[in-house]
Amino acid sequence: MTAEHDEPEVATNFVADLIEAEQQAGAVATVTTRFPPEPNGYLHLGHAKAIWLAFGVAKRFGGVCNLRFDDTNPAAEEAEFVESIRTDVAWLGYAVADERVFFASDYFEQLYAWAEQLVEDGKAYVDSQTAEEIRDNRGNFYKPGVDSPFRDRSVADNLDLLRRMKAGEFKDGQHVLRAKIDMAHGNINLRDPLMYRILKERHHRTGDTWCIYPMYDYAHGQSDAIERITHSLCTLEFEDHRPLYEWFVDNVAVPAKPRQIEFAKLHFTFTVLSKRKLKQLVAENVVDGWDDPRMPTISGVRRRGYPPEVLAELCERVGVAKREGIVDVALLDHILRENLNRTSPRAMAVLRPLKLIIDNLPEGEVMHFDVPNNPGDEAAGTRSVAFTRELWVERDDFREEAPKKWFRLAPGKEVRLRSACLVRCTEVIKDPETGEVIQLHCTWDPESKGGRSPDGRKVRGTLHWVSAQHAVEGTVRLFDRLFSTENPTDVPEGGSFLDNINPDSLEVLTGCKLEASLGERATEHGWRCQFERLGYFCVDLDSAQGAPVFNRTIGLRDSWAKLEKKNA
RNA sequence: UGGGGCGUCGGCAAGUGGUAAGCCAUCGGUUUUUGGUAUCGACAUUCGUAGGUUCGAAUCCUACCGCCCCAGCCA
């Protein structure tokens with residue numbers, strides 16, 4: 001047991017390898033990256049990967065990472081999203097200093113000055129075709145584009161027009177500024193891409209100062225250069241934009257030359273991760289908002305009870321590559337459970353209560369048992385739990401006719417009540433009308449206090465329980481995956497991904513019986529624990545004093561359910 | 001009929017000329033007062049296919065096949 005503490009291996013990836021190679025090749029500036037969200041929606045698991053990569057790679061090489069809002073389209077963006085994004089990034093564990101938070105809109109003035117320069121250099125022109133004409137003349141995959149009739153305007157005319165565009169003399173769509181590159185280029189992005197469009201739209205930060213706004217391709221690389229970004233990481237669909245990114249950086253007098261590197265997005269089975277679709281789920285009330293615990297948004301998983309470290313661990317294990325793949329959500333589930341098992345204190349709660357009476361225990365007698373808070377972690381200590389004649393146990397833990405390998409309660413069967421004692425079922429009371437089992441009678445073995453088997457007899461079933469007299473009532477929400485098919489977007493002609501919604505993704509249980517200690521947590525929103533034998537839960541935002549509400553983050557692995565299903 | 005990418009186990013993913021890591025899933029065993037956890041074992045004679053170079057190829061060459069992205073005044 002000597003110093004075998006190897007630093008936890010940090011998995012490598014092609015981006016890190018690339019930077020390392022650059023550093024070994026010689027003088028490199030401090031690695032600077034950026035996470036550039038557009039403030040037009042909430043962040044989701046896909047963004048978590050981009051954040052983890054951008055911030056992670058910067059940290060790994062002793063550099064920094066900026067948070068830059070790519071707010072070049074006032075028609076879609078709102079300050080509300082700026083706030084939610086900042087909250088989410090911070091929650092993920094990346095404290096971004098205020099002086100590292102930027103906005104593309106901070107650079108509007110500079111970007112415009114460079115645009116005039118490009119015009120003066122004869123490398124940009126004002127096009128006055130209609131949107132439709134521009135589209136038609138752009139050609140397509142098979143047909144080269146056609147030069148705009150305005151392509152050869154004089155520098156003076158272009159400058160004049162551009163200034164008047166900026167001054168607000170024209171209507172939306174009347175003119176655009178385009179880079180003069182090559183209308184016949186195989187890469188359509190280089191067929192004289194638009195740099196500016198007229199948009200008489202109030203911007204969430206610059207207000208009405210501007211009525212022309214730069215397009216992504218023109219703004220992004222230049223913003224990177226201004227911030228001295230060395231490595232501009234983005235997803236694969238921007239690969240064909242790289243030549244354009246480089247064209248601008250080469251033709252504008254920027255102070256530095258950033259490098260764009262693309263990686264594959266994250267995808268999960270049984271999940272949808274596109275802003276458009278997530279927006280649709282919210283808009284059509286399929287879920288209860290962006291932070292619905294079933295949503296794959298950062299705010300959703302936060303409310304669901306995910307610790308932020310789980311997402312970083314996930315990214316670490318999935319890796320970074322250029323291959324577009326779909327990660328099995330089971331991996332996420334596994335990492336989640338692994339974290340929660342290690343960190344969650346245990347408690348007992350009965351979700352679907354059934355009364356159990358111990359006949360040979362006097363009424364009014366209260367015993368207290370010491371229960372470990374985490375059997376895997378002695379340092380977590382123990383707590384005292386009250387035990388009485390009348391208890392609540394889980395309905396699912398009783399079967400009138402025990403199937404093969406059933407270790408739980410059944411007439412005549414003996415089970416262990418966790419940390420308390422052994423009891424044997426002696427009588428089953430049913431509702432004479434409905435036949436429903438409403439109460440169980442048992443006798444306990446006083447020799448088995450603490451749950452030990454006094455004579456070594458095998459008792460394979462162990463049940464969780466709550467003293468009826470001490471129980472606190474609460475609501476528990478059970479979540480299942482939002483979609484019932486592995487690839488929700490794979491739908492037949494005319495179908496919608498909404499057709500694959502799992503109708504049973506939410507189950508709300510009221511009147512659950514919680515161990516007394518749980519009642520004291522009702523206002524500790526986000527507090528996590530394990531309900532023994534059931535899963536990991538956390539206190540929901542809706543929880544209040546006297547009316548606790550718990551969310552099930554994820555269930556425990558259930559090999560009995562699996563066995564039973566297999567035998568069915 | 002264009003341009004840009006990608007193809008290694010069911011799913012991720014290492015490997016960059018010396019004879020296929022790891023993780024998840026799956027299956028089986030052990031331990032167990034959570035049918036949980038932990039732990040042990042099984043799981044690619046083969047790297048999209050076909051040729052070629054080489055003593056030796058997932059790695060180099062050639063051809064072919066398959067999949068993804070691009071035709072917003074979105075990012």
Side-chain angles (χ1 to χ4, degrees), chain A residues 9 11-13 36-38 40 70-73 75-77 127 130-131 134-136 138-145 172-178 184-191 194-199 213 215-217 219-220 234-243 262 264 269 275 316-335 337-338 341-342 346 348 371-372 374-376 405-408 416-422 448 450-453 459-464 486 530-535 555-564:
Chain A
E9 284 279 323
T12 187
N13 61 62
E38 181 187 15
N40 71 341
D70 218 341
D71 55 351
T72 57
N73 182 8
E77 297 146 7
D127 194 355
T130 62
I134 288 178
R135 191 191 335 117
D136 291 346
R138 184 150 37 218
N140 54 41
F141 299 151
Y142 317 113
K143 204 174 75 196
D172 283 16
Q174 211 172 333
H175 305 282
V176 293
L177 183 72
R178 302 179 75 173
H185 201 104
N187 181 344
I188 294 177
N189 289 127
L190 295 180
R191 319 242 261 229
L194 271 60
M195 292 170 59
Y196 273 94
R197 75 287 215 188
I198 299 170
L199 227 45
Y213 291 93
M215 299 286 289
Y216 166 85
D217 285 306
H220 205 89
C234 63
T235 46
L236 255 25
E237 69 266 29
F238 290 99
E239 232 158 0
D240 337 316
H241 291 247
R242 189 178 350 120
E262 312 85 8
T269 52
K275 244 187 226 180
E316 192 84 44
R317 289 214 217 174
V318 165
V320 184
K322 297 195 71 157
R323 201 183 318 170
E324 284 276 6
I326 302 178
V327 176
D328 191 342
V329 273
L331 176 60
L332 213 207
D333 291 350
H334 176 262
I335 294 169
R337 288 196 183 100
E338 198 173 64
N341 174 56
R342 200 173 59 235
R346 316 282 127 131
M348 289 198 281
V371 179
N374 188 339
K405 297 214 171 165
W406 177 258
F407 302 152
R408 283 114 98 148
R416 171 181 299 107
L417 294 179
R418 171 133 244 236
S419 303
C421 63
L422 266 24
S448 68
R452 284 174 303 276
S453 173
V459 178
R460 303 207 51 185
T462 299
L463 272 45
H464 58 280
E486 199 168 306
Q530 181 197 95
F531 287 176
E532 292 222 45
R533 301 211 307 133
L534 297 175
L556 254 31
R557 224 184 224 105
D558 188 349
S559 60
W560 164 251
K562 200 194 239 173
L563 215 199
E564 198 175 34

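To find a chain, count down the sequence lines: A is the first, B the second, and so on, and within it residues start at 1.
Phosphate contact (OP1/OP2 of B:U34, side-chain N/O of A:H464, threshold under 4.0 Å): absent. Distances shown here put a side-chain N or O of A:R557 below 4.0 Å from the OP1 or OP2 atom of B:A25.
Between A:D328 atom CG and B:A25 atom P the separation is 8 Å, expressed in whole Å. Atom-to-atom, CD1 of A:I326 to C1' of B:C23 comes out at 18 Å; the value is rounded to the nearest Å. We find that CG of A:D333 is positioned 15 Å from C1' of B:C23, with the value rounded to whole Å. Nucleotide B:G22 holds its P atom 18 Å from the CD1 atom of A:I335, rounded to whole Å. Rounded to an integer number of Å, the gap from A:E316 CD to B:C12 P is 19 Å. To the nearest angstrom, P of B:A14 lies 13 Å from NZ of A:K322. As a whole-Å value, the separation of A:D240 CG from B:C70 C1' is 5 Å. To the nearest angstrom, C1' of B:C47 lies 11 Å from CZ of A:R323.
Between A:F407 and A:R317, the one whose closest nucleotide on RNA chain B sits nearer the 5' end is A:R317. RNA chain B is contacted by both A:E239 and A:L331; A:E239 maps to the nucleotide lying nearer its 5′ end (nearest heavy atom per residue).
As judged by a 4.0 angstrom heavy-atom cut-off over every strand, A:K405 is placed among the base-contacting residues. Nucleic acid contact for A:V320: sugar-phosphate only, since backbone atoms but no base atoms lie under 4.0 Å from a heavy atom of the residue. Base engagement by A:R452 is indicated by at least one non-hydrogen atom pair under 4.0 Å involving a base atom. Among the protein residues, A:E262 comes within range of no part of the nucleic acid, since none of its heavy atoms lies under 4.0 Å from any strand. A:S419 comes within contact range of at least one nucleobase, with a heavy-atom separation under 4.0 Å.
Taking the side chain as every heavy atom from C-beta outward, A:R408 and A:W560 approach each other to under 4.5 Å. Contact check for A:V327 versus A:L332: no side-chain heavy atoms found under the 4.5 Å cut-off. Side chains of A:H241 and A:H220 form no contact here, defined as non-hydrogen atoms less than 4.5 Å apart. A:L199 places a side-chain heavy atom less than 4.5 Å from the side chain of A:N73. Here the side chains of A:R178 and A:M215 are not in contact, with every heavy-atom distance at 4.5 Å or above.
In terms of modelled atom types and a separation under 3.5 Å, the side chain of A:R460 and the main chain of A:F407 share no donor-acceptor contact. No donor-acceptor pair closer than 3.5 Å links the side chain of A:R346 to the backbone N or O of A:N374.
Taking the P atoms as reference points, B:U19 lies 11 Å from B:A58, given to the whole Å. Spacing between B:A25 and B:G3 at atom P, rounded to whole Å, works out to 44 Å. With both ends at atom C1', the span from B:C9 to B:C24 equals 12 Å, rounded to whole Å. Comparing the same atom, C1', in B:U32 and in B:A38 gives a spacing of 9 Å after rounding to whole Å. Remark: the separation of the P atoms in B:A20 and B:C43 is 14 Å, to the nearest Å. As rounded to the nearest Å, B:U8 and B:A13 have P atoms that lie 9 Å from one another. Here the separation of B:C23 from B:U34, taken at their P atoms, is 26 Å to the nearest Å. Rounded to the nearest Å, the gap between the P atom of B:C12 and that of B:A42 is 24 Å.
Out of B:U37, B:C12, B:U34, the shortest distance to the side chain of A:P375 is found at B:U34. Distances were taken from every side-chain heavy atom of A:A330 (C-beta onward) to each of B:A25, B:G35, B:A14; the shortest belongs to B:A25.
Residue-environment remark: NZ (A:K405) stays at or below the threshold of 12 foreign heavy atoms within 6.0 Å.
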Every protein N/O lying under 3.5 Å from an N/O of nucleotides 71-75 of chain B:
residue	atom	partner	partner atom	Å
B:C73	OP1	A:R138	NH2	3.0
B:C73	OP2	A:R138	NH1	3.0
B:C73	OP2	A:R138	NH2	3.1
B:C73	N4	A:Q129	O	3.4
B:C73	N4	A:A131	N	3.1
B:C73	N4	A:G173	O	3.0
B:C74	OP2	A:R197	NE	3.2
B:C74	OP2	A:R197	NH2	3.0
B:C74	O3'	A:R197	NH2	3.2
B:C74	O2'	A:N73	ND2	3.1
B:A75	OP1	A:T72	OG1	2.7
B:A75	OP1	A:R197	NH1	3.4
B:A75	OP1	A:R197	NH2	2.9
B:A75	OP2	A:Y216	N	2.9
B:A75	O3'	A:D70	OD2	3.1
B:A75	N6	A:H241	NE2	3.3

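In this structure, B:C73 makes no Watson-Crick or G-U wobble pair, since no nucleotide meets both defining distances under 3.5 angstrom. The base-pairing partner of B:C6, taking Watson-Crick or G-U wobble contacts with both distances under 3.5 Å, is B:G66. The partner of B:A14 cannot be assigned: no Watson-Crick or G-U wobble pair with both contacts below 3.5 Å exists in any strand. Using the Watson-Crick or G-U wobble rule with both distances under 3.5 Å, B:A38 pairs with B:U30. Look at B:A20: it lacks any Watson-Crick or wobble partner with both distances under 3.5 angstrom.
Glycosidic conformation, B:G4: anti, with the torsion outside 90° of 0.
On a pure distance criterion of 3.5 Å, no polar donor-acceptor pair joins the side chain of A:R346 and the base of B:U37. For A:E338 against B:U37, a side-chain-to-base donor-acceptor contact under 3.5 Å is absent. Judged by distance alone with a 3.5 Å cut-off, no donor-acceptor contact links the side chain of A:N187 to the base of B:G4.
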Handout entry: side chain to side chain contact (heavy atoms under 4.5 Å, CB included) assessment of A:E486 paired with A:I326
Key = CA-CA 10 Å; A:E486 199 168 306; A:I326 302 178; over 6 Å; no
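Of the listed residues (A:R533, A:R418, A:E532), just one forms a side-chain hydrogen bond (donor to acceptor under 3.5 Å, both in side chains) with A:H464, and that residue is A:R533.
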